[in-house]
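Structure in structure tokens, see below.
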Amino acid sequence: MSIEKPQSRVLSGMRPTGRLHLGHYHGVLKNWVQLQHEYDCLFFVADWHALTSHYEDTRGIEESVWQMVIDWLAAGVNPSSTTLFIQSRVPEHAELHLLLSMITPLSWVERVPTFKDQVSKNKDRDLATYGFLGYPVLQSSDILIYRAGQVPVGADQVPHVEMTRELARRFNHLFGRDAGFEDAAEQAVKKLGRKNASLYRELRKKYMEQGSEESLAKAQSLVSDSGNLSLGDRDRLLGYAEGSGRIILPEPQALLTENAVMPGLDGQKMSKSYNNTISLREEPETVTQKIKTMTTDPARVKRTDPGDPARCPVFELHKIYSDAATRDWVSEGCRSAGIGCIDCKAPLAEAILAEQQPMRERAIQFEQNPDLVRSIIAEGCEKARTQARATLEEVRSVMGLDYRSL
Ligand code: TRP
Ligand code: SF4
């Protein structure tokens with residue numbers, strides 16, 4: 001993990017909700033697997049977030065945590081190039097959450113759309129709790145404690161990332177202007193070397209006078225790329241470039257996952273609550289069975305009745321799993337009654353099984369060896385903690401809480 005380029009760090013978390021299904025794979029995991037080749041990635045199990053809504057019955061959480069980690073590994077998340085960990089094993093998240101809660105205006109958390117939404121949608125549960133209200137602040141801590149630059153999330157989570165940005169800005173504004181900030185920043189500019197120092201000054205001026213975002217970005221990458229700066233000087237220069245205080249907590253960007261909604265067995269969105277899922281590591285026999293019993297266009301009562309793929313959930317899945325030629329074959333054959341539904345389902349079942357095959361294979365060694373999974377997580381937690389501690393130490397220091405770690 002590099003400290004020099006926080007914007008290249010990707011962080012995301014998932015609540016442990018039980019075994020993952022193909023909707024999670026197409027919606028999130030496939031993307032994680034891609035990102036791990038390009039960025040320094042941290043992925044974690046947000047077990048404390050599970051508690052914010054499921055505090056009454058916590059029995060399932062432990063099992064869900066381990067099953068979910070196996071699902072990640074099965075999907076191809078590579079523990080040697082990513083850092084995998086469990087939120088509650090990095091207690092630094094909780095301290096940052098507490099500190100950030102002190103500077104979070106009540107109106108910010110109250111206006112987060114998920115709050116009122118969820119409270120009124122989940123009438124069976126009492127979500128009007130202090131913990132649930134603080135959900136986005138906890139999420140902000142998860143992100144800021146690693147100084148993550150990019151946060152892959154679905155559209156529903158974008159307001160949380162937005163609040164994280166506001167909190168970071170507020171924190172930097174409140175605590176990034178130590179006495180003598182300008183002098184210290186000017187000293188730090190000199191450390192860039194003569195050529196880069198004058199380039200930095202020029203870019204800074206352009207941004208301050210003309211608001212050129214491009215100049216700001218250039219100045220900031222000049223600072224990030226400069227190898228011989230201390231962490232403090234780097235943060236000072238990043239902040240000085242945009243006329244704010246030191247940037248202690250950089251603002252992350254949401255990396256919007258394309259939300260091609262994954263259809264379930266009944267044509268609705270695939271979701272555990274609709275009972276229409278195929279799990280990631282489902283047995284081939286039950287996969288085949290589930291496809292076989294899928295309902296089709298009700299117009300096709302007899303084999304000779306023509307149908308309409310637009311009214312059939314099977315075709316929705318073909319859109320995800322089949323190439324254009326197969327889809328044409330389906331459309332044509334369905335409308336002309338040239339093929340039967342059993343024929344139509346066969347290549348679909350095959351494609352799903354083929355997609356799952358490597359996942360099932362990868363999962364075996366982890367299913368058979370829980371210690372292996374535990375040691376992957378132990379190592380990830382250790383790595384994550386080192387990063388989290390470094391941020392927290394700086395946070396304590398600028399807040400005047402140094403005595404806390406002496
Ligand atoms: N709130 C996210 C969800 O429900 C999970 C999450 C918790 C998360 N902390 C995070 C996602 C930090 C991204 C970054 O999906
Ligand atoms: Fe659906 Fe295929 Fe049957 Fe047409 S042929 S109704 S698309 S399963």
Side-chain angles (χ1 to χ4, degrees), residues 9-17 20 24 27-28 31-32 35 41-54 68 85-88 90 93 96-97 112 114-115 117-118 132 134-146 148-165 252-257 263 265 267 291-319 322 326-349 384:
R9 180 170 303 159
V10 163
L11 171 123
S12 199
M14 228 188 255
R15 277 175 303 162
T17 51
L20 301 184
H24 296 111
V28 184
N31 191 36
W32 285 13
L35 289 166
C41 290
L42 296 106
F43 299 126
F44 73 98
V45 181
D47 56 341
W48 278 336
H49 277 92
L51 284 179
T52 60
S53 52
H54 292 71
M68 188 163 82
F85 66 98
I86 298 173
Q87 183 184 35
S88 64
V90 187
H93 291 227
L96 186 60
H97 175 210
V112 168
T114 42
F115 180 65
D117 247 37
Q118 294 294 322
F132 191 69
Y135 189 110
V137 184
L138 181 58
Q139 185 161 349
S140 299
S141 311
D142 299 336
I143 299 168
L144 296 175
I145 202 145
Y146 300 104
Q150 311 212 54
V151 185
V153 285
D156 63 315
Q157 296 290 313
V158 170
H160 296 167
V161 180
E162 195 44 51
M163 201 181 108
T164 307
R165 294 166 58 82
Q253 299 279 349
L255 196 63
L256 203 60
T257 330
L265 293 164
I291 301 294
K292 222 182 239 168
T293 51
M294 273 180 79
T295 51
T296 60
D297 178 358
R300 295 206 73 179
V301 183
K302 293 196 300 299
R303 164 71 177 77
T304 47
D305 296 331
D308 179 2
R311 284 199 233 148
C312 179
V314 176
F315 191 65
E316 290 304 308
L317 282 171
H318 270 298
K319 287 185 194 161
S322 302
T326 310
R327 289 197 310 266
D328 288 348
W329 169 79
V330 169
S331 295
E332 221 296 293
C334 180
R335 291 202 177 92
S336 63
I339 61 169
C341 293
I342 297 171
D343 308 317
C344 175
K345 288 172 172 180
L348 175 63

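In listed order, ligands and their atoms are each counted from 1.
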Under a 4.0 angstrom heavy-atom cut-off, which atoms of ligand 1 come close to Gln157? 1 (N), 2 (C), 3 (C), 4 (O), 15 (O)

Atom 4 (Fe) of ligand 2: protein N, O or S atoms [distance under 2.8 Å]: Cys334 SG

If you measure from CG on Leu96 to CD1 on Ile145, what distance do you get to the nearest 0.5 Å? 4.5 Å

Which atom pair, heavy atoms only, marks the closest approach of Ala384 to Leu42?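 Closest approach of Ala384 to Leu42, heavy atoms only: CB-CD2, 4.5 Å.
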
Report the part of Phe43 in contact with ligand 1, treating N, CA, C, O as backbone and CB onward as side chain, heavy atoms under 4.0 Å; options are side chain, backbone, both, neither. neither

To the nearest 0.1 Å, how far is atom 6 (C) of ligand 1 from its closest protein heavy atom, and which atom is that? Gly13 O, 3.9 Å

Contact check, side chains of Trp329 and Pro347, non-hydrogen atoms, under 4.5 Å: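 Counting from C-beta outward, Trp329 and Pro347 do come under 4.5 Å.
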
Looking only at protein heavy atoms, which one is nearest to atom 8 (C) of ligand 1, and what is the separation? Gln139 NE2, 3.5 Å

Using side-chain contact (heavy atoms from CB on, under 4.5 Å), reason through Ser53 and Arg15 one step at a time and then give a plain yes or no. CA-CA 11 Å; Ser53 52; Arg15 277 175 303 162; 4.3 Å; yes

Closest heavy-atom approach to atom 14 (C) of ligand 1 among Val151, Leu42, Val45 is made by Val151

Please report which non-hydrogen protein atom sits nearest to atom 9 (N) of ligand 1, along with the residue it belongs to and the distance in Å to one decimal place. Asp142 OD2, 2.7 Å

Straight-line distance of Trp48 CH2 to Asp142 CG, nearest 0.5 Å: 9.0 Å

So which heavy atom on Val151 is nearest to which on Pro252, and how close? CG2-CB, 4.0 Å

Among Leu11, Val10, Leu256, find the one that has a side-chain contact (heavy atoms from CB on, under 4.5 Å) with Pro152.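 Exactly one option meets the side-chain contact (heavy atoms from CB on, under 4.5 Å) with Pro152, and it is Val10.
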
From Asp308 CG over to Thr296 OG1, what is the distance, rounded to the nearest 0.5 angstrom? 11.5 Å

In ligand 1, the atoms that come under 4.0 Å of a heavy atom of Ala46 are 7 (C)

Looking at every non-hydrogen atom in both residues, tell me the closest pair between Ala254 and Val161 and how far apart they are. N-CG1, 3.7 Å

Flag Ser12 as yes when one of its N or O atoms lies below 3.5 Å from any N or O atom of ligand 1, and as no otherwise. no

Test log, rule side-chain contact (heavy atoms from CB on, under 4.5 Å), inputs His318 and Cys344: CA-CA 9 Å; His318 270 298; Cys344 175; 3.6 Å; yes

Do the two ring centres, one from Tyr146 and one from Phe44, sit under 6.0 Å apart?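 They do not qualify: ring centres at least 6.0 Å apart.
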
For Arg15, take its heavy atoms, then give the atoms of ligand 1 lying under 4.0 Å from any of them. 4 (O)

Could you work out, for atom 1 (N) of ligand 1, the closest of Trp48, Tyr146, Tyr135 by heavy-atom distance?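 Considering heavy atoms of Trp48, Tyr146, Tyr135, the nearest to atom 1 (N) of ligand 1 sits in Tyr135.
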
